Undergrad: 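Before I ask anything, let me first share the structure, which is written out below as structure tokens.
No hydrogens, no waters, no symmetry mates; every other heavy atom, side chains included, goes into these values. Quick caveat, the model's predicted, so the values are computed rather than measured. Below, chains carry the letters A, B, ... as their sequence lines are ordered, and counting in each starts from 1.
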Amino acid sequence: MDEREILEKLNPEQQDAVRTTEGPVLILAGAGSGKTRVLVHRISYLINVCGVWPGNILAITFTNKAADEMRSRVDDLIGFGSDRIWVMTFHAACVRILRRHAEELGYTRYFTIYDTDDSLSVMKDIFRLKKIDTKRIKERQVLSMISSAKNELISPENYASAAGKDFFSRQVESLYAEYQSRLKANNAMDFDDLIGNTVKLFKEHPEVLAIYEEKFRYLMVDEYQDTNTAQFKFVSLLADKYRNLCVVGDDDQSIYKFRGANIRNILNFEQIFPESKVVRLEQNYRSTGNILNAANNVIRNNRGRKAKKLWTENETGAKVRFRRFPNSFDEAEFVADEIRSIVREGGSEYRDFAVLYRTNAQSRLFEEKFLLMNVPYKLVGGVNFYARKEIKDLLAYLKTTANAVDDVASTRIVNIPKRGIGQTTITKILSYAADGGLSFYEAAKDADRIGSLSAATVKKIRSFTDLIEELKEDAKELSVSALLRKIVEATDYENMLREQDDEDVVADRLGNIEELVNKAIQYETENENPSLSGFLEEVALIADIDSVEDGDDRVLLMTLHSAKGLEFPNVYLTGMEEGVFPGMMSLNAESPLEEIEEERRLCYVGITRAKKRLTMTAAGERMVRGNVERHPVSRFVREIPRDMLDNGLPESGSGVRLKAPSAAIPGFREAVAAPPPKYDNPYIRREKKEPSKSAPKPFAGLDYKVGDRVRHVKYGTGVVTEIREGKRDYEVTVDFQGWGSKRLLAAFANLVREE
DNA sequence: CCATCCACGTTTTTT
DNA sequence: ACGTGGATGG
């Protein structure tokens, strides 16, 4: 592939970005402006035109999915030698470096990676030991402070000087120190350590840094706006010598401040690298004109951003739609129902749709309606697959087998299945371990030397250590998947599940286990030298979004955060309400202005996911943590000029004809026409009136009313308890004898009034 | 040591 | 509404 071929499919700015190979480059890439395309072509240009050796290139992303995508596009474009390029996430790259140099930092190369759950159990242990009252500080709170410190490269030693000398900071400081020493004793690193320890390695061992700065002469960082201080340091250390650092990002899509992302990394790039060149990619190839306009109108309300304006040559397309429903059930039903009808009409597939929301908790309603309406969906996020109990149990067995020093893993499973080893015994073993400088597992093997344990208890412990010893032997010959099967069998895991869970839960968990075995098999076939620790590593760094495959035809349900980097023909942006999105946390924050700007960027990300059609929805009422809340329409909706929105109000000659006046339900569909918002108090309840339930009045087109007895073909007879106006039909709630309360759509239910 | 029941707090977002 | 963790009793 020659220069002309590489450049011919790129616009002038993209070409500029690709051809600027030397020195620091900042590529400001708006949403949908083809930044992955630029990165991939730039790699190809480096190799084919500049003659760079593929092994000298490091391309960093945040998610495995992004890395996989870039890898496969690079493979397609380059072919030979492309496997020598490092295309991976920050975490994966750091792990790879750390494995090689773990000894320099006092770890072994078999160190384990702790997820947040593991960190939590370590911290709980520390709290127990130090007898800290969880009423005053919570483990999670301390962990998040530690995490922020690590993101800023603040070590336990200099924590106090950074945070202050008050009692609280002192306490966190000592907890941080204790936490860190435990991780080290367990030969474990948490996510933040992976970055932080690599930076530490580079700083303390210049000879190691020399290897990698020599190796990675060309660095590329995707989603640069999301880098934190530690990641920035990692990159700048590597780039310091040759200065061929190309970062790609969009300050308007910075949405990870909460986990330490430092937006100044991108805003100040030109100050930090004065000789840098800036390339702006502002042509959008993804969305229609209307969608892009909406996005521009929302994001322009933010201060402190790099000036830019996306434009497109794409068609204007349909107006962005906004619909407001009486409650969140109706909202979910509308979305499910509409997707189903559109797909049934033909021309679209389920995979063309995504439903986005602010928090994972909002997914449930959609799941229920989708299930009910037989719309295939895939839920992304929520409880991570690898965070499920059964998976963590089995992984803990694997971890104990691979790295017997990992106390978190071994204490987790010492009594799974029940072996009669309780907290008291564990504490005794742990204190023996502490005295002798041993790990929990080593101490357990010495059980007969622990005076305070009875002979019966020693025997129970023996049954555990014998099993682990056996597994260690097996691990030498068996594949990971075979080892997993062996563990399931030896622990009689299936029967254990049956004893403690309901039938359907058991089926679910067994399915998950089977899936884990499949992952292992997949790992074995995809890797040249599969190993137990290799598998554990891969599994530790995986996120839920990574499992989204193009193959299956389903609607995707996910948070706005998970959606970053993806695109869909049709997008539903749901829960557009003050207090939901922007979330109440941002509204009540110390510096709401800043936080709301972050929410607005999130909204911008959401809008720009849509290619053809964007629908925003809101609910007048929704359940939040068990109680009903009423929220006004999100300010983000109002930031889109009214004439650019299709708000569903009957216009001349178009719109849905309502069977009953919409005024029957206050606030319904009136949002856009409502008076301007009062920004100072988003919680004003502007809709005080409840739909009157006292006097059941007949609804047009129905021959029954609340209180009537009706007959249903499947459920028999029941009493109508509620009738509500849905999007295109009435929603009737009926209390059936023997079936309980059911919510039905009048048109489908065919209810007949009983005399 | 274990099973069961109740109270509590929890929720942004994720590598 | 839900899950966790603590208290209680077996």
Undergrad: Which residue pairs satisfy the salt bridge (charged side-chain N to carboxylate O under 4.0 Å, His left out) criterion with at least one member in residues 252-265 of chain A, sequence neighbours excluded?
TA: A:D252-A:R305, A:D252-A:K308, A:K257-A:E594
Undergrad: Pick base, sugar-phosphate or nothing for A:I421, based on heavy-atom distances below 4.0 Å to the nucleic acid.
TA: sugar-phosphate
Undergrad: Listed by chain and number, what are the salt bridge (charged side-chain N to carboxylate O under 4.0 Å, His left out) partners of A:R609, not counting sequence neighbours?
TA: none
Undergrad: For A:T425 and A:D192, take the nucleotide of DNA chain B holding the closest heavy atom to each; which residue's nucleotide lies nearer the 5' end?
TA: A:T425
Undergrad: Can you name the residues that form a salt bridge (charged side-chain N to carboxylate O under 4.0 Å, His left out) with A:E597, not counting sequence neighbours?
TA: none
Undergrad: Apply salt bridge (charged side-chain N to carboxylate O under 4.0 Å, His left out) to A:K460 and list each qualifying residue two or more places apart in sequence or on a separate chain.
TA: none
Undergrad: Kindly say if A:K418 contacts the phosphate of B:dA3, meaning a side-chain N or O under 4.0 Å from OP1 or OP2.
TA: yes
Undergrad: Hey, does the side chain of A:N228 come within less than 4.0 Å of B:dT15's phosphate (OP1/OP2), counting only N and O?
TA: no
Undergrad: How long is the line joining CG of A:D193 and P of B:dT15, in whole Å?
TA: 18 Å
Undergrad: Residues two or more places apart in sequence or in another chain: which of them pass side chain to side chain contact (heavy atoms under 4.5 Å, CB included) with A:V142?
TA: A:M123, A:F127, A:I137, A:I146, A:L175
Undergrad: Return the polar atom pairs (N/O with N/O) between nucleotides 10-12 of chain B and the protein under 3.5 Å, or none.
TA:
residue, atom, partner, partner atom, Å
B:dT10, OP2, A:K138, NZ, 3.1
B:dT12, O2, A:R358, NH1, 2.5
B:dT12, O2, A:R358, NH2, 2.0

Undergrad: Heavy atoms under 4.0 Å, any strand shown: does A:F62 hit a base, just sugar-phosphate, or nothing?
TA: sugar-phosphate
Undergrad: Rounded to the nearest Å, what distance is computed from the CD1 atom of residue A:I60 to the C1' atom of nucleotide B:dT15?
TA: 13 Å
Undergrad: In whole angstrom, give the distance that lies between atom CD of A:E598 and atom C1' of B:dT13.
TA: 9 Å
Undergrad: Just to confirm, is there a sub-4.0 Å distance from OP1 or OP2 of B:dT14 to any side-chain nitrogen or oxygen of A:S562?
TA: yes
Undergrad: Quick one: does A:S121's side chain have a donor or acceptor within less than 3.5 Å of a partner on A:V408's backbone?
TA: no
